[in-house]
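Single-structure report; data block below.
Convention: sequence-line order gives letters A, B, ...; per-chain numbering from 1.
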Amino acid sequence: MKYDFTAIEAKWQKRWEENKLFRSETGDDKEKFYALIEFPYPSGVGLHVGHARPYTTMDSIARKHRMQGQNVLFPMGYDAFGLPTENYAIKNHIHPAVVTENNIKTFRSQLQALGYSFDWDREIDTTDPKYFKWTQWIFLQMYKKGLAYKSKMPVNWCTSCKCVLANEEVVDNACERCGSPVIRKEQSQWMLAITKYAQRLLDDLDEVDFIERVKLQQKNWIGRSTGAQVRFASTLGDDIMIFTTRPDTLFGATYMVLSPEHALVSKWMEQLENAGEVQAYQAEAAAKSDFERTELAKDKTGVMLKGVKGINPVNGKEIPIFISDYVLSTYGTGAIMAVPGHDDRDWDFARKFGCDIIEVVQGGNVEEAAFTDCDTGVMVNSGFLNGMSVEEAKKAIIEFLTEKGIGEAKVNFKLRDWVFSRQRYWGEPIPIVHCPKCGTVPLKEEDLPLLLPEVESYEPTDDGSSPLAKITDWVNTTCPCCGGAAKRETDTMPQWAGSSWYFLRYMDPDNDQELVSKDAVNYWGPVDWYNGGMEHTTLHLLYSRFWHKFLYDIGVVPTKEPYAKRTSHGMILGEGGIKMSKSRGNVINPTDVIAEYGADTMRTYIIFIGDFEKAASWSKDAVKGCKRFMDKVWNLAETVKDHETTYSPKNETIIHKTIKKVSQDIDSLKGNTALAALMSLCTHLSSNGCNQAELKTLLQLLSPFAPHICDELWEQQGFEGFCSVSSWPVYDEAKCKDAEVEMAVQVNGKLRGTVKVAADLDNESVIEAAKADEKVARFIEKTGGTIIKTIVVKNKLVNLIVK
RNA sequence: GCGGGUGUGGUGGAAUUGGCAGACACGUUGGAUUUAGGUUCCAAUGGGCGACCGUGCAGGUUCGAGUCCUGUCACCCGCACCA
């Protein structure tokens, strides 16, 4: 018979669905296993091979765990709010909901064509009112607990479109759409106080099994630092609060720097001798993105505020104050004391602007460069701190500052609060009403979901408010509190909102009373294994941990952390290691690959392509190798005519070895080497003869990767039920060992030969066998003849040191 | 500039974590079967005539280094100059 993958794959996808083979029942007696992959944003271009990599890998893990008898939850859904859909809708005058619906249809059929073992009865969509009702509900709870608040924040403002732009829409400081300059402008925004959870988000990383580089990136992003907050007086009367991690160097502070946006700068403006210069610099800074400020770091810029001086609180010295864009308004207090002797950036700046450089920790040469690596140095030029170690000085100065009431110890985080408003149409409306009498009033829970109104146009308004602001019918409402006339909040939530809790909804997708039932979350939570891209490490992953901790605090979920384990995949690049992109025309569409070679080949190749955690490049030719492997398995099955139920002695060892290898490799994300072992097994069985018991095991081991062909051959061999849900083969450790091993023989560390000996042979016999090898003996003779030392690595290698 | 990564044949990548570098594939070459082949099978395939040389580059530790240490270069991802 011919291997007709198209017919076979359609047949089994249909059967799996008809039999609800992958449905997961909440509350099963079996051990639960919740495998999660990041749900896709259903863009117009459809599924990308980049999606297929983590999805296929996690599918193979889910399938294996299911075969091992676990109750597996492996769900799929769509993160469908977002900018591209909205922009497409604006351009083509189609409702974003319609665009979304069409895109989801495409995605669903593409996912189904790949044969993933999702429980399709649990599919979710973040734009479904039944779903976002609960996104809004969570926001209300946060508002009630004081975690949602309004604040002025800088936004990207297109001077021509007169609207707020996402960072993504700003290209080289210009609007992506119209090319006009983009400036930074203050606008009132809804914020979520993630910083209140900073310490817990940091501490609880110790409790979870995340790959190290994810933990590290989150740690550095949260960025806890300890230091002091210190109040500097100024000659104009106002105090300047600064944060420093090095209060011990306070005597070395020879100038101060404020961020250009600092409130005191505007306050002092009229009294400054160089107000014009200062204002020009402020405008210049406003035109730069934070990122650009960073890139231009090498050449420090700034302006001295003439007419005001700061006063160093420990020695009373008057020091100049600058504004410079290397100080950010969003970190610390937006003001620093500069210690050029012991900070690189301060040193560069001081040299350029002619500020004093004072050494306060001995050990370097501050005339040459800042001495920063100075933890072991001794304090000098620092009054009462002189002679102390850095550590002692830190303690002493904080005591001194606290006593005098001019400073205190302070923990500071890099992490800043989450800007939660978007002036956009295609997002969850924020369920808040503004009442002239009652102020800001949350909607009542029973009035959720608050739906999006129908609008004519999705374009933002030219005063920077959301398109919703134009819908007066919708905006004008009554106050839930006093019943008087009031106006709705017109900002919507960011795309991150819906994805911050979706894993909970999969546990109980149809519940209209709660976001998730206690039974469901107690049974399924936490997610056992969550895989996703590194690009989501600091935003999505942190946001969802934050929301989960909040839900834990209000008693909705029973665990502090949402995900027990987190892994991350590498990117799929185009041929030759170039990034896939539309403009390069090297984008691979999984649907095309399926049409040409079948889903099993596509799945096998995407697993075989390389180390899951590293980037890998697509190769059209290499796909063929995987198709050949499918053909080989098919051909092998055609040779099996017996009904043996035990392995033959000649194949026993390799079968047990392969079961062991594949079992271990799947759970350590090494499907590539598992497949290499299966290819070897297949070749071995083809040339050595294969009985039905052996074929059965091969099919089961291959099934997580290539499930369709395995179920087909399973049926053809007359086995019961589905290979996809059969019991995972077990191996016998004792049968994984070969009787004989080949050991490498080195003379003085260089490979000179090999010997075949019985496994686990004692060292002396191994050395004798090694010396007996003709080539080895010759090299011993040549190098001096006397063996002075021997090193034996069991079953691996002998090294003879000869003099 | 900061944070996190990655560098191995003609190509994708293996290497039990300090123990035979190049498993398994792709490609190439030769052969067999075939009317034909995106069929199947067999053989060869890091470089060098060789002693030997080979894991981005330069050192180091070790009986032994792709793996550990120091320095350095290149590339990729993220970013909010984090005081």
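- In rG9(B) the base sits syn relative to the sugar, since the glycosidic angle is no further than 90° from 0.
- With rounding to whole Å, D631(A) atom CG is found 6 Å from rU40(B) atom P.
- Between Y543(A) and W418(A), the ring planes are parallel. Angles under 30° get that label, and only those over 60° would be called perpendicular.
- Heavy atoms of K627(A) sit nowhere under 4.0 angstrom from any nucleic acid atom.
- Heavy atoms of other residues, nucleotides or ligands lying less than 6.0 angstrom from CD of E764(A) number 12 at most.
- Of the side-chain N and O atoms in T245(A), none sit less than 4.0 angstrom from OP1 or OP2 of rC82(B).
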Pairing string, 5' to 3', for RNA chain B - Watson-Crick or wobble contacts under 3.5 Å, brackets [ ] where pairs cross, | to another strand:
(((((((..(((......[....)))((((((.......))))))((....))..(((((..]....))))))))))))....

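- Rounded to whole Å, atom C1' of rU33(B) lies 15 Å from atom CG of N635(A).
- Taking the charged nitrogens against the carboxylate oxygens, D343(A) and R246(A) have no contact shorter than 4.0 Å, which rules out a salt bridge.
- One can place CE of M679(A) at 11 Å from C1' of rC26(B), the figure rounded to the nearest angstrom.
- When the C1' atom of rC52(B) is taken as reference, atom CZ of R752(A) falls 9 Å away, rounded to whole Å.
- Put simply, R246(A) has no side-chain N or O that comes within less than 4.0 Å of OP1 or OP2 on rC82(B).
- A salt bridge links D631(A) with K627(A): the distance from a Lys NZ or Arg NE/NH1/NH2 to an Asp or Glu carboxylate oxygen falls below 4.0 Å.
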Whether each nucleotide of nucleotides 3-16 of chain B has a protein heavy atom under 4.0 Å at its base (B), only at its sugar-phosphate (S) or at neither (-) is summarised, 5' to 3', as SSSSS----BSSSB

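- Ionic pairing of E38(A) and R53(A) is not present here: no N-O contact between side-chain nitrogen and carboxylate oxygen is shorter than 4.0 angstrom.
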